[in-house]
Amino acid sequence: MSLFPAYSEILSEGRNEENKELGNILPITSEGQERSWLNNSSYTPAEPKDNIGSSHDEENKGKEIEKKCERSDSRYKKKKKRDKKDKSYRHKRKINKKSHLGNIQPNILENDPFYEDKKQERGNFLVDTLHRPAVPKYDKHSRYFKRYRYMKEKFKKERKVRRYFILVSRKDDNKSIDYNDDAGAKEEDLTRTTEDFNRKLANNPTDVDVWLQYIQFQDTVFDFEKIYRRNPMGGERVTSERKLAIVERAIQKNPASELLLEERLELCERLWPVDRLAEECVRALAQEPGNFAWWRSLIRTTRNSVARCTAPGVLQVFSKAISRISQLRLHRPDLVIEQDILRLLLECGLFLQQAGLWEQLWMLLQMYLSLSLTASGQFTVPAIQLDDKLREQEDSVVSSGLPLSVLWLRVEKLRAGYHFLPDPNCDSDPQRVVFSDDMSGLLQPVMSVELRLPLVVSCLVLLKVPLLPCRHSTLKCLGVLDISSAINNAETLLAAFYQSGISTPTDCRYLSGCEELVVEPQYMKQQPGQSEYLSWLVAVMQHCAELLPQTESVVVHVWTLRLYGLLCRRLGGEVVKHARTHAKQLLKQQQFRENLLLYAEYALLERETGDLAKACKVLETALNMPRSKTSEPELHYTLLSRRLVDCLLLKDHLTEKRLVDCLLLKDHLTEKDNVVRVLTSLVDEQPVSEVAVKRSLAKWQQQTAALVERYSPLAAEHLTVAMALTPHLLVEWLACHSVLLYVTQSVWEATSLLQHHIDLISCSPNTLGSLWVEQLSEVLVDLLYTHTLHTQSSYGPLRDTLVKAISMFPNNLTLLNILATIETRSGGGGTPLWKLVSHFPSSAPLARLVLVFVVRHRLASYIIEDSVGGTHYLKNLLRQLTSERKTRECPLILRLALQLAAVTESAVQIKATFYKCLQACPWVKAFYMDAVKFLPEELSEIQDLLIEKELRLHTTPEELEILRD
């Protein structure tokens, strides 16, 4: 019997139940006696100091440890570092891995790229409070990692991603677009497009246009691989090889296609070594000696190679090409042969001009003009004696005490500005001694009457006379766009200043730095030799006009007056006096006294000098002259009326602007009544009234429809140089009709009329219709530009019209100038630079050149705080242009890149840019002159390169030392 009955009642119950209920409260003593009777709320028994207990207690302690591990997120405390030598703490607790992994493994699939940790273990953010061995370790080779593949991805080396990328996660609703899905869709589109090309070419393998489109489509494939594939195989070279394989397959189906052959040769120049390409050209010319494309490729191979390029070597290849093509007169029409000779003459002349060999250039041009234009074979221009003036200026430069590099550069430019004509009696400079026998290998007769004017125009272009106005159709007709290095002279950009419409003349501020690109001899800058070269150039133009028939001579005289007008607005001073004297003497000649075209150009000359009243008086006098019975009187009177209307509206706008500034606009009487009177007089002789204006508008509408119906069939005619440089009745009539609608109704009625006829006229390349569309586009842009400036409205419609017109005629400097003006005008531009680049097509060297000037002007004007970023943008743009197909050999763009490097880079980078320019065009002397300016310490090396390439060198280092002494 128990001493304590309460204790005996507890013992009568099952020990297992007691342990479950009171196990944590009443531990068992060593004697096996329980102390539940001592349980009291005011008394808590102390824990025993020994670890000896039953197996049941050890099991309970293990459960407590597991519970503590599960609640570790809220119980992390900073633990003291344990001594590594203390081995009593180094024990490992065995855990059932299968049961433990089953508690934490997420519910995911194998294909999921990632999983969400919804448990939010906050202890992971407190890693700095954990110490070994409390910091968890994970073995990536464990069964847990092998089972779930997504964990393996975490331990792979991360690849560098692109700066602009798309990161889209899969959501439960599956509404997001995955990056890979986008790539797959684009790849399917490319595959479908490739199948369409293959189907078209299988059905019609003789379609050259489809072959060319398929070749260009490979660039789209390359862009896709570059964007959506991290490592496109081979890059651009593999793409070029793919193109070459397609071209060769296309040539097998179309062996007579010149376009495919030119494409193949361009790809071969990019892929093949120079020696292999030269051997291929020689082999092909042995079979086809009259193939112009193969001859041009052989010339480019010799000229563009730094190792093979020398002036006599390149001229020898030109001589072989011209003589071999000329021998085919018995097998081909003379006109075709002489057109090829004229194209080779233009390219050869550009080479001589860019190499600085002006004496040889003038001798060659003089021989061609003498043989083709004169019966006696003598084309003589009065020589200019400038040795005394040159000697005085040289003495002043030499005695200035400048450094040797600056001294050589100034003396070289002085002599280049004066010594541009050959002198057989010169003893000091052997390169000035040029005889006709030296250039006879390049001479072949051009006797076709149709090619006399193109020959004169080509010669004047080689003498740095810009085309006024400079149109895409004219450049294409002359063959200038077929020569990659043709945009070489800063004088070409002078055409941007030419303007004959109703809008206010632009100041072309964005071209402020083009004078630094001028190369002697020149007439743009007030420097020694400028007036002498201009006088000699005008004399050459006048002599050429005298040797041509009257209708063609008027074209050259008009060109001369336009050049004078351009220089009057730019230079002023003595040029204005010489221009007026030249125009009056021309109109006093018997054969030109009744020529209304010359009167119209003389009025434009007065307008350029700033005398609008005198210009209007000249035009009104010409309109009141008795109508001659010569050819095309309707064209002449329409042209005079248009010029008069332009002057009246310009005078009205300028007067209104001046009165607005003086707050006197309410007393202003506009010139619009005079404009209506002039335009209605072309269809009706009645006095001007409201009824008469409505009747005149109806007559204008009828006559316009009749005129369009009569001239529309002529739009398909092949465009000639004479057509490109003469006015056309359809264009002048539509211009006058649109101005009448602009004055009497609204600008939108006028633009609607012009846009309707632009869409109506057939516009195939190298046709008369393309010229008409280009001229009508100029009129349309001129009206919109005038309306925008006059009403201060949005530039949106004007910009959209300009972008559309430039996409069709990308080398039209009139359109490019207006777009550049509104993009650089204070408060008028605003198109972001990344978007502005797309407005200037990459296929046009003139458009890309204007783009560089626009970007440079905007960065200099607006980005003052971030000058480094602007410099990087311009640098990247020039790097892109120097690698594009159409502009990588443009000397002006390469020189702009060299100038930028001189301002922003070190001497090592400047030298690297200089050698890059030489690698593209090693025969251009302007590169060497700029390099001496930017790298004066490399003077001797640059002079050695000039001597090695046998380019024009007026001053040798030895002669300069003698002059200094």
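- Other residues, nucleotides and ligands place no more than 12 heavy atoms under 6.0 Å from the NZ atom of Lys886.
- Checking Asn817 against Tyr510 by side-chain atom types alone, a donor-acceptor pair falls below 3.5 Å.
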Given Gln909 and Thr913, is the side-chain hydrogen bond (donor to acceptor under 3.5 Å, both in side chains) satisfied, shown in steps?
CA-CA 6 Å; Gln909 292 296 327; Thr913 307; 5.4 Å; no
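- Between Arg642 and Glu732 a salt bridge is recorded (basic side-chain N to carboxylate O distance below 4.0 Å).
- Ring geometry for Tyr928 versus Phe914: interplanar angle over 60°, hence perpendicular rather than tilted (30 to 60°).
- Under a 4.0 Å N-O distance rule, the pair Lys476/Glu774 does not qualify as a salt bridge.
- Side chains of Thr831 and Arg799: a donor-acceptor N/O pair is present below 3.5 angstrom, by distance only.
- Formation of a donor-acceptor pair under 3.5 Å by the Gln530 side chain with backbone atoms of Tyr523 is found in this model.
- Under 4.0 Å is where a charged nitrogen must lie from a carboxylate oxygen, and between Arg580 and Glu608 no such pair does.
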For Leu783 and Leu754: C-alpha separation, side-chain torsions, deciding distance, then whether side chain to side chain contact (heavy atoms under 4.5 Å, CB included) applies.
CA-CA 10 Å; Leu783 283 174; Leu754 291 172; 3.7 Å; yes
Could you go through Gln522 and Asn489, starting from their C-alpha distance and side-chain angles, then the distance that decides it, and tell me whether this counts as side-chain hydrogen bond (donor to acceptor under 3.5 Å, both in side chains)?
CA-CA 10 Å; Gln522 55 85 30; Asn489 301 313; over 6 Å; no
Pair Leu475-Cys470, side chain to side chain contact (heavy atoms under 4.5 Å, CB included): steps then yes or no
CA-CA 7 Å; Leu475 293 172; Cys470 183; 3.7 Å; yes
Test side chain to side chain contact (heavy atoms under 4.5 Å, CB included) on Val852 and Leu878 and set out the steps.
CA-CA 8 Å; Val852 175; Leu878 287 169; 3.8 Å; yes
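- Expressed to the nearest 0.5 Å, how far OG1 of Thr492 lies from CG of Leu892 amounts to 7.0 Å.
- Using a 3.5 Å distance cut-off with no hydrogens or angles, the side chains of Asp930 and Gln899 do not pair a donor with an acceptor.
- A centroid separation of less than 6.0 Å is found between the aromatic rings of Phe420 and Tyr533.
- If you look at His757 and Trp772, their ring centroids are not closer than 6.0 Å.
- The line from CG of Leu494 to CG of Leu468 is 8.0 Å long, rounded to the nearest 0.5 Å.
- Taking the charged nitrogens against the carboxylate oxygens, Arg879 and Glu884 have no contact shorter than 4.0 Å, which rules out a salt bridge.
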Report the C-alpha distance between Arg607 and Glu601 in whole Å, list the side-chain angles of each, state the deciding distance to 0.1 Å, and finish with yes or no for salt bridge (charged side-chain N to carboxylate O under 4.0 Å, His left out).
CA-CA 10 Å; Arg607 169 181 167 173; Glu601 295 302 325; over 6 Å; no
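- Atoms CD and SG, from Glu574 and Cys568 in turn, are 11.0 Å apart once rounded to the nearest 0.5 Å.
- Closest approach of Leu604 and Ser500 over heavy atoms only: CD1-CB, 4.3 Å.
- A donor-acceptor contact closer than 3.5 angstrom is absent between the side chains of Gln880 and Asn876.
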Please report the C-alpha distance between Met524 and Cys514 in whole Å, then the side-chain angles of each, then the deciding distance to 0.1 Å, and finally whether the side chain to side chain contact (heavy atoms under 4.5 Å, CB included) criterion is met.
CA-CA 10 Å; Met524 282 182 61; Cys514 70; 4.3 Å; yes
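- Cys616 and Leu648 make their closest contact through SG-CD2, 4.0 Å (heavy atoms, listed as atom of the first residue, atom of the second, distance).
- Ion pair Lys413/Glu520 not flagged as a salt bridge, since none of the NZ, NE, NH1 or NH2 atoms sits closer than 4.0 Å to an Asp/Glu carboxylate oxygen.
- In this structure, CG on Leu815 lies 10.5 Å from CE on Met808, to the nearest 0.5 angstrom.
- For Gln919, the CD atom sits in a loose shell: 12 or fewer heavy atoms of surrounding residues, nucleotides or ligands are nearer than 6.0 Å.
- Taking a cutoff of 4.0 Å between a charged side-chain nitrogen and a carboxylate oxygen, Glu516 and Arg895 do not qualify as a salt bridge.
- Nearest heavy atom pair, residue Leu784 against residue Thr788, reads O-OG1, 2.7 Å.
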Does His582 form a ring-ring contact (aromatic ring centres under 6.0 Å, His included) with Tyr564? I'd like the steps, not just the answer.
CA-CA 9 Å; His582 178 81; Tyr564 260 132; 5.6 Å; yes
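- The distance from atom CG of Leu798 to atom OG of Ser793, rounded to the nearest 0.5 Å, is 9.0 Å.
- Residue Ile910 comes nearest to Ala901 through the heavy atom pair CG1-O, 3.4 Å, listed as atom of the first residue, atom of the second, then distance.
- Side-chain contact between Thr821 and Cys508 is absent, with no heavy-atom pair separated by less than 4.5 Å.
- Checking side-chain atoms of Thr887 against main-chain N and O of Ser883 turns up no donor-acceptor pair under 3.5 Å.
- Here the side chain of Trp923 pairs no donor or acceptor atom with the backbone of Leu918 at under 3.5 angstrom.
- Glu491 places no side-chain N or O within donor-acceptor distance of the main-chain N or O of Pro466, the cut-off being under 3.5 Å.
- Expressed to the nearest 0.5 Å, how far CE of Met929 lies from CG of Leu951 amounts to 11.5 Å.
- Leu493 has its side chain within reach of Leu849: a pair of non-hydrogen atoms, C-beta onward, lies under 4.5 Å apart.
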Show your working on side-chain hydrogen bond (donor to acceptor under 3.5 Å, both in side chains) between Arg885 and Ser484 and close with a plain yes or no.
CA-CA 9 Å; Arg885 176 178 177 180; Ser484 57; over 6 Å; no
Assess the residue pair Glu778 and Asn812 against the criterion (side-chain hydrogen bond (donor to acceptor under 3.5 Å, both in side chains)); give the C-alpha distance rounded to whole Å, side-chain angles, the decisive distance to 0.1 Å, and a yes or no.
CA-CA 9 Å; Glu778 293 175 5; Asn812 188 303; 2.9 Å; yes
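- A salt bridge links Arg303 with Glu347; the closest basic N to acidic carboxylate O contact falls under 4.0 Å.
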